[in-house]
Amino acid sequence: MNDFWGGKTMKIHHIGYMVKRIEEAIEVFQGLGYEIVKETYKDQDRRTDICFMEQNGYQIELISPWKDSALYPMMKKYKNVAYHVCYAVSDIEESIQQLEKVGFVLFKSVAPAGAIGENAKVAFLMNAHIGMVELVEE
Ligand code: NI
């Protein structure tokens, strides 16, 4: 592994899936062996239902936008799609700066993430060649 993250551990926290119908999606992932980590969380700020599931140490996040969510047009366009990878970092501000140095642009600045935990905060960055990356500090 190269030293991009300054010798600190860098771990994939989850893969984010956009889904149209979260209950049906949960059932399908249960069929693949995933278990619900926490009951579906209603994220009032992001206007989405969020459910974390886990299988064999791999975590996925199902995101189902409400009609008034900023993510709703994206769901209409792409339907059901895995659209972001989230990395767990120990210092979110420092990691944002590091990603900006290699061509990422911050587009959702640091904000609380109630679906993950009381003290969790996340940020989203975009890159023209690989799309969206999320960072989480817990
Ligand atoms: Ni996520």
Side-chain angles (χ1 to χ4, degrees):
M1 191 167 66
N2 71 31
D3 200 37
F4 178 76
W5 299 88
K8 293 173 191 146
T9 55
M10 184 276 285
K11 198 168 170 270
I12 291 181
H13 185 276
H14 64 263
I15 309 287
Y17 274 87
M18 178 90 69
V19 297
K20 195 170 179 189
R21 298 182 189 278
I22 200 160
E23 292 308 324
E24 285 82 345
I26 287 169
E27 278 184 34
V28 174
F29 277 112
Q30 284 171 330
L32 293 178
Y34 285 82
E35 289 176 358
I36 293 172
V37 176
K38 270 184 263 177
E39 288 310 307
T40 300
Y41 178 83
K42 302 234 171 253
D43 192 321
Q44 299 293 337
D45 295 328
R46 295 181 180 80
R47 314 302 292 161
T48 58
D49 287 338
I50 294 177
C51 184
F52 279 91
M53 300 183 79
E54 196 232 86
Q55 184 266 120
N56 212 13
Y58 289 97
Q59 200 165 219
I60 55 171
E61 173 189 34
L62 306 184
I63 300 126
S64 188
W66 306 344
K67 283 211 164 89
D68 59 355
S69 169
L71 288 169
Y72 191 76
M74 187 173 156
M75 192 205 65
K76 288 298 266 185
K77 186 170 177 192
Y78 296 107
K79 308 283 188 253
N80 304 301
V81 63
Y83 76 106
H84 73 257
V85 176
C86 178
Y87 293 94
V89 296
S90 52
D91 183 334
I92 197 165
E93 299 291 352
E94 189 189 330
S95 297
I96 288 168
Q97 286 179 16
Q98 214 155 353
L99 286 174
E100 283 175 338
K101 279 185 214 153
V102 294
F104 283 82
V105 177
L106 184 68
F107 83 97
K108 284 263 188 268
S109 50
V110 180
I116 296 176
E118 240 174 79
N119 301 313
K121 41 192 178 174
V122 298
F124 289 88
L125 297 99
M126 274 298 239
N127 177 280
H129 305 293
I130 72 159
M132 199 183 300
V133 161
E134 180 181 15
L135 298 175
V136 60
E137 181 190 319
E138 284 187 84

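- When side chains are defined from C-beta on, F124 does not count as touching V105, because their heavy atoms never get closer than 4.5 Å.
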Candidate pair V133 and N127, rule side chain to side chain contact (heavy atoms under 4.5 Å, CB included), full reasoning: CA-CA 8 Å; V133 161; N127 177 280; over 6 Å; no

Q30/E35 under side chain to side chain contact (heavy atoms under 4.5 Å, CB included): CA gap, chis, key distance, verdict: CA-CA 6 Å; Q30 284 171 330; E35 289 176 358; over 6 Å; no

Intermediate values then yes/no, side chain to side chain contact (heavy atoms under 4.5 Å, CB included), L106 and E100: CA-CA 7 Å; L106 184 68; E100 283 175 338; 3.7 Å; yes

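- Under the 4.5 Å side-chain heavy-atom criterion for Ile, Leu, Val, Met, Phe, Trp and Tyr, I130 and M18 are members of distinct hydrophobic clusters.
- Tracing side-chain contacts under 4.5 Å through hydrophobic residues (I, L, V, M, F, W, Y), one never reaches Y78 starting from I22; they form parts of separate clusters.
- Considering every non-hydrogen atom in both Q55 and G33, the closest pair reads CG-O, 3.5 Å.
- Considering only heavy atoms from C-beta on, V136 stays 4.5 Å or farther from K121 through its side chain.
- Counting heavy atoms of neighbouring residues, nucleotides and ligands inside a 6.0 Å radius, atom CD of Q44 exceeds 12 of them.
- Here the CH2-CZ distance, from W66 to R46, works out to 11.5 Å after rounding to the nearest 0.5 Å.
- No side-chain heavy atom of I63 sits under 4.5 Å from any side-chain heavy atom of V19.
- Inspection of the H13 and E61 side chains reveals no N or O donor paired with an N or O acceptor under 3.5 Å.
- Taking CD1 of I50 as the start and NE2 of H14 as the end, the distance is 8.5 Å to the nearest 0.5 Å.
- The structure places CE of M75 at 6.5 Å from OG of S64, a figure rounded to the nearest 0.5 Å.
- Residues F107 and M132 form a side-chain contact, since some pair of their non-hydrogen atoms from C-beta on lies under 4.5 Å apart.
- Once rounded to the nearest 0.5 Å, the distance linking CD of E138 with CD1 of I116 reads 6.0 Å.
- In the hydrophobic clustering of this structure, L32 groups with I12; members are Ile, Leu, Val, Met, Phe, Trp, Tyr whose side-chain heavy atoms approach within less than 4.5 Å, directly or through other members.
- The closest side-chain heavy-atom distance from D49 to K42 is below 4.5 Å.
- Proximity of K20 to N80: side-chain heavy atoms (C-beta onward) are separated by under 4.5 Å at one or more points.
- Of all heavy-atom pairs between S109 and A123, the closest is C-CB, 4.3 Å.
- The shortest side-chain heavy-atom distance between V81 and Y17 does not fall under the 4.5 Å cut-off.
- Enclosure of atom NZ in K79 by more than 12 non-hydrogen atoms of other residues, nucleotides or ligands within 6.0 angstrom is indicated.
- Checking side-chain atoms of K38 against main-chain N and O of A115 turns up a donor-acceptor pair under 3.5 Å.
- Pairing each heavy atom of L62 with each of M53, the nearest pair is CD1-SD, 3.9 Å.
- If you look at Y41 and F52, their ring centroids are not closer than 6.0 Å.
- Residues I96 and L135 are in side-chain contact: their nearest non-hydrogen atoms beyond the backbone lie under 4.5 Å apart.
- The cluster map of Ile, Leu, Val, Met, Phe, Trp and Tyr, joined by side-chain heavy atoms under 4.5 Å apart, puts I15 and M126 in different clusters.
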Y87/L99 under side chain to side chain contact (heavy atoms under 4.5 Å, CB included): CA gap, chis, key distance, verdict: CA-CA 12 Å; Y87 293 94; L99 286 174; over 6 Å; no

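- For the pairing with E54, the side-chain contact (heavy atoms from CB on, under 4.5 Å) check across I36, I60, V37 returns one residue only, V37.
- In this structure, CD1 on I26 lies 4.0 Å from SG on C51, to the nearest 0.5 angstrom.
- Summarising the geometry, atom CG belonging to D91 is positioned 8.5 Å from atom CD belonging to Q97; distances are rounded to the nearest 0.5 Å.
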